[in-house]
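Following: one structure in structure tokens, then a few remarks.
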Protein chains: 2
Amino acid sequence: MNATNTSDEILRSALSLIIAGGYNGFSYADISKVVGIRNASIHHHFPSKADLVRALVVRYREQADAGIAALEQNVPDPADQLRAYLGYWQACIADESAPFCACALLATQIPVLPEEVVVEVRAHFRALSSWLTSVLERGEAQGSLHLAGPAKAEAEAFMATVHGAMLSARAYGDAEMFGVITAPLLQRLAARA
Amino acid sequence: MNATNTSDEILRSALSLIIAGGYNGFSYADISKVVGIRNASIHHHFPSKADLVRALVVRYREQADAGIAALEQNVPDPADQLRAYLGYWQACIADESAPFCACALLATQIPVLPEEVVVEVRAHFRALSSWLTSVLERGEAQGSLHLAGPAKAEAEAFMATVHGAMLSARAYGDAEMFGVITAPLLQRLAARA
DNA sequence: CGACAATTACCTACTAGTAGGTAGAACATC
DNA sequence: GATGTTCTACCTACTAGTAGGTAATTGTCG
């Protein structure tokens with residue numbers, strides 16, 4: 001087990017702890033229990049908690065960007081891209097592997113977050129919104145998607161509804177709720193002409 | 001300053017602290033600083049933190065129910081009721097008096113919340129969803145609102161989008177974002193016939 | 001190759017400070 | 001004088017973070 005693995009494990013366990021309860025919802029002790037190292041050893045990899053969470057969000061964003069890039073390459077149709085995106089989250093929520101977007105959860109706590117974390121969380125929102133905007137624009141240009149307003153506004157509404165659907169699924173304790181809320185998003189965007 | 005006022009002040013300061021960072025985002029020390037009493041005195045009014053937050057959510061729900069009842073009495077048109085509901089939150093976010101729904105914020109942290117708090121948070125979601133459903137049904141019956149699907153599903157989507165809009169406003173640090181996301185909700189529901 | 005320095009990774013032991021919570025005295029008010 | 005409220009004083013458990021040390025690995029140079 002080399003260094004890379006340990007700091008990876010720290011980040012992975014911290015991620016799932018954050019998904020459960022956010023920045024103040026976990027401690028170094030929680031991580032050390034999962035990873036199997038001492039509390040102090042975490043500081044070797046990440047000097048402070050803010051460093052740890054910032055690193056975690058940076059990596060989360062990289063993986064999200066990679067996922068989007070893969071989607072862009074493998075799924076040509078804009079509507080199918082949105083469908084795949086929703087399907088990804090539906091699966092994550094259903095199997096409880098990652099039943100919430102870490103950035104969305106952290107964003108709820110922005111007022112009590114270290115500034116370096118806030119910056120990264122904001123960047124994720126901008127990146128996601130920007131990608132969704134481009135998908136909607138492409139879909140509209142191709143005639144496969146019908147937008148009621150500006151692509152940017154539709155993208156923001158799409159993203160917000162997805163985040164709200166995660167929240168409702170958690171609040172009701174019902175993974176199906178995510179699909180109930182998000183499925184109509186696609187239907188509405190499907191062209192009527 | 002009698003007992004009622006003090007426990008009221010405790011609940012009020014705890015509410016604004018929860019709105020900022022959720023259950024683990026504040027401590028008794030934070031409350032005592034605001035209210036001007038000693039840490040230990042809070043325990044006289046609320047034996048445990050779980051009791052305090054549960055009481056807070058119960059009161060929050062009562063006030064929400066009262067607000068809805070007032071809306072039912074003063075605003076006859078279903079579309080206007082939705083408009084008033086969104087306007088209420090738009091104002092809360094713009095003046096930063098309560099820039100997030102306390103129950104929505106707590107709901108994000110359900111996995112790390114005491115069970116007695118979870119129960120109350122869930123109840124708020126059900127009550128709000130139930131009211132929105134009734135508004136949509138009434139609007140559809142009157143022909144003033146046009147629903148693309150079942151009223152219950154539309155209500156859940158409406159609520160989720162509102163919560164997501166709060167989140168985006170916070171993430172971007174832009175109160176306007178709430179309106180950008182929620183205004184189209186009303187436009188879409190406005191009858192086209 | 002072997003010697004030796006530097007680096008990495010983790011440890012034990014500890015710090016100051018904070019968490020929620022308790023016991024009992026003091027004080028006020030009816 | 002009884003009741004309700006707040007206080008001081010304290011507790012235990014835990015917080016993030018530090019100090020200093022020990023192996024093991026890696027790089028480098030004669």
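Labels below follow one simple rule: chain letters A, B, ... track the order of the sequence lines, proteins then strands, and each chain is numbered from 1. Computed over heavy atoms, backbone and side chain alike; hydrogens, waters and symmetry mates excluded.
When distances are taken from the side chain of B/His45 to each of C/dC10, D/dT6, C/dT12, the shortest belongs to D/dT6.
At least one side-chain nitrogen or oxygen of A/Thr6 sits closer than 4.0 Å to the OP1 or OP2 atom of C/dC10. Within the structure, every side-chain polar atom (N or O) of A/His43 is placed at least 4.0 Å from both OP1 and OP2 of D/dA19. Distances shown here put a side-chain N or O of A/Tyr28 below 4.0 Å from the OP1 or OP2 atom of D/dG17. For D/dT5, the OP1/OP2 oxygens have a side-chain nitrogen or oxygen of B/His44 closer than 4.0 Å. For C/dC11, the OP1/OP2 oxygens have a side-chain nitrogen or oxygen of A/Ser41 closer than 4.0 Å. At C/dG20, none of the side-chain N or O atoms of B/Ser48 fall inside 4.0 Å of OP1 or OP2 (strictly under the cut-off). Taking side-chain N and O atoms only, B/Ser27 has a distance below 4.0 Å to OP1 or OP2 of C/dA19.
Taking atom CG on A/Asn39 and atom C1' on C/dT12, their separation rounds to 12 Å, with Å as the unit. The nearest whole Å value for the distance from the CD1 atom in B/Ile31 to the P atom in C/dT18 is 16 Å. Taking atom CZ of residue A/Arg38 and atom C1' of nucleotide C/dC14, one finds them 14 Å apart after rounding to whole Å. Regarding B/Asp51, its CG atom lies at a distance of 13 Å from the P atom of C/dG20, rounded to whole Å. Distance, A/Leu17 CG to D/dT15 P: 12 Å, rounded to whole Å. To the nearest angstrom, P of D/dT22 lies 21 Å from CD1 of A/Ile37. In this entry the distance linking CZ of A/Phe46 with C1' of C/dC10 reads 15 Å, nearest Å.
Under a hydrophobic-cluster definition in which Ile, Leu, Val, Met, Phe, Trp and Tyr are linked whenever side-chain heavy atoms come within less than 4.5 Å, directly or via other members, A/Leu71 and A/Val135 are assigned to the same cluster.
Nucleic acid contact class of B/Phe26 (heavy atoms, under 4.0 Å, all strands): sugar-phosphate only.
Stacking of B/Lys49 on the aromatic ring of B/Phe26 is recorded, both the 6.0 Å distance cut-off and the 45° axial limit being met.
Taking the six-membered ring for Trp and the full ring otherwise, B/Tyr28 and B/His43 have centroids separated by under 6.0 Å.
Separation of atoms CG (A/Leu56) and CD1 (A/Ile18) is listed at 4.5 Å; rounding is to 0.5 Å.
With DNA chain D read from its 5' end, the first of the two nearest nucleotides for A/Asp30 and A/Ala40 is the one closest to A/Asp30.
Looking at B/Glu62 and B/Val57, their side chains never come closer than 4.5 Å, going by heavy atoms from C-beta outward.
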